[in-house]
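Inspection log for the structure reproduced underneath, given as structure tokens.
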Amino acid sequence: MSVTTPPSLRKAARGPAALTALLAGVAVVTVAGAPAQASGAHKARVPMHQCWVNDVPAPPGNQVNGTPHDDYIFCDSDLEGVTVSGGGGNDMIEVRGLVIDSALLGGEGHDVIRAKHLVPQTTFSMVRGNRGNDIIKVATVRGDGAKLGAVVHGDDGDDKITTGSVSGAPGQFNRGGGIVTGNDGADTIKTGIIDFSARVLGGSENDTIEAAALGPESGGLIQAGPGDDRISGPGGAILTVGEHWGTVDAGVGKDTCLVQSVSTRTSISSCEQIPEGGAAPKPDNPKTD
């Protein structure tokens, strides 16, 4: 069976060494767990991956582990039923395939995680920065109900999270679905369209949330949480809420919401500063023959 040579063998500048000047290490603790396994057919599924840890092929199985030091973990295939954990240090985790029922965990340190599409088929697909000032980039975040969650967590630290579209309604008790959350720290979250009841949550402290659109088809939620937050479209442009259901809840603090509503079905609340005339919904256009 042929294997692909990891890019770090061809471009020596990639990997943890290239991040040292950018990401300063600090002592931190705890790593969050992997997604819960579903019963039935998923238990019989053979984990699939083609990964390297610091240019060394990772052994087969459902776990790919880094070291307590700075690591470069590269996967040149889909991940299916696999947990990738950076461990300690300032790690770079890069996945070029789909993240199917799998988890990417940065662990302790200031980590960089890059992934394509989160694809929950029988359970959760997840990206977690864990503690540290992490940089996370994910192509799409699409969940469906309580059991099929696509989740991006920044966790503790001042994280920078960038995703494409976020979609998918949660199930009972607001679990699952499509969700991006900064958690603790002053986070910067930039997303594509938030729709079909997906949620983007800032968490505590002063967060910046930018979205391409909110609820153009079926609804979505931006909830900034405590802190002096800023909610807007890309690059500080006006964010359009609607035409269908969409909710902006800036939370506690002195918040700036550069938003405008184009439907009476949307809700904008707890914004101390808004553009003149921006928050008032426009009446639906009457139909004409």
Side-chain angles (χ1 to χ4, degrees), residues 1-19 30-109 111-130 132 134-144 147-153 155 176:
M1 179 181 68
S2 62
V3 297
T4 304
T5 302
S8 55
L9 293 180
R10 303 192 298 268
K11 297 181 180 179
R14 300 182 67 174
L19 299 175
T30 76
V31 173
Q37 298 295 316
S39 60
H42 182 68
K43 289 186 176 181
R45 181 182 296 170
V46 177
M48 298 293 293
H49 67 76
Q50 183 172 294
C51 303
W52 292 262
V53 179
N54 302 323
D55 301 332
V56 177
N62 61 2
Q63 195 82 25
V64 176
N65 294 321
T67 72
H69 310 291
D70 297 352
D71 300 307
Y72 175 45
I73 301 176
F74 172 75
C75 298
D76 194 27
S77 65
D78 294 346
L79 297 181
E80 193 166 356
V82 177
T83 297
V84 177
S85 179
N90 303 326
D91 306 308
M92 174 178 276
I93 300 173
E94 184 175 1
V95 178
R96 295 208 176 162
L98 304 177
V99 181
I100 305 169
D101 297 341
S102 298
L104 309 180
L105 313 177
E108 301 177 1
D111 306 307
V112 175
I113 303 175
R114 295 174 179 168
K116 287 193 176 180
H117 310 284
L118 301 188
V119 183
Q121 289 186 340
T122 60
T123 181
F124 274 59
S125 290
M126 178 186 297
V127 174
R128 299 200 76 129
N130 300 125
D134 305 308
I135 298 172
I136 298 173
K137 295 184 177 182
V138 178
T140 60
V141 182
R142 181 178 180 180
D144 185 12
K147 295 182 179 179
L148 301 179
V151 184
V152 176
H153 291 275
D155 292 318

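The structure displayed is predicted, hence computed values, not measured ones.
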Contact check, side chains of Ser125 and Leu98, non-hydrogen atoms, under 4.5 Å:
no
Examine distances only and state if a side-chain atom of Asn54 and a backbone atom of Tyr72 form a donor-acceptor pair shorter than 3.5 Å.
yes
Heavy-atom pair with the smallest gap, counting every atom of Ala58 and His49:
O-CE1, 3.8 Å
Do any N or O atoms from the side chain of Asp70 and from the backbone of Asn90 form a donor-acceptor pair under 3.5 angstrom?
yes
Would you mind telling me which of Asp155, Asp134, Asp111 makes a side chain to side chain donor-acceptor pair (under 3.5 Å) with Arg128?
Asp155
Could you state the interatomic distance from CG (Asp91) to CD1 (Ile113), rounded to the nearest 0.5 Å?
8.5 Å
Of all heavy-atom pairs linking Asp71 and Gly86, the shortest is OD2-O, 3.3 Å
Got a donor-acceptor contact below 3.5 angstrom from the Ser102 side chain to the Thr83 backbone?
no
Walk me through it: do Phe74 and Arg96 pass the test side chain to side chain contact (heavy atoms under 4.5 Å, CB included)?
CA-CA 8 Å; Phe74 172 75; Arg96 295 208 176 162; 3.5 Å; yes
Could you state the interatomic distance from CD (Glu108) to OG (Ser85), rounded to the nearest 0.5 Å?
9.5 Å
Evaluate the side-chain proximity of Ile73 to Val84: yes if any heavy-atom separation is below 4.5 Å, no if none is.
yes
Say you draw a straight line from NZ of Lys116 to NZ of Lys137; how long is it, rounded to the nearest 0.5 Å?
14.5 Å
Between Asn130 and Gly107, what is the shortest heavy-atom contact and its length?
OD1-N, 2.8 Å
Steps toward side chain to side chain contact (heavy atoms under 4.5 Å, CB included) verdict (Ile136, Val152):
CA-CA 8 Å; Ile136 298 173; Val152 176; 3.9 Å; yes
Between His117 (side chain) and Ile100 (backbone), is there a donor-acceptor pair under 3.5 Å?
no
What residue among Val64, Asn65, Ile93 forms side chain to side chain contact (heavy atoms under 4.5 Å, CB included) with Val53?
Val64
Tell me if a side-chain donor or acceptor on Asp101 pairs with a main-chain N or O of Thr122 at a distance below 3.5 Å.
yes
From the options Val56, Asp76, Leu79, select the one residue that forms a side chain to side chain contact (heavy atoms under 4.5 Å, CB included) with Cys51.
Leu79
Over all atoms of both residues, closest heavy-atom pair of Arg142 and Pro120:
O-CD, 3.3 Å
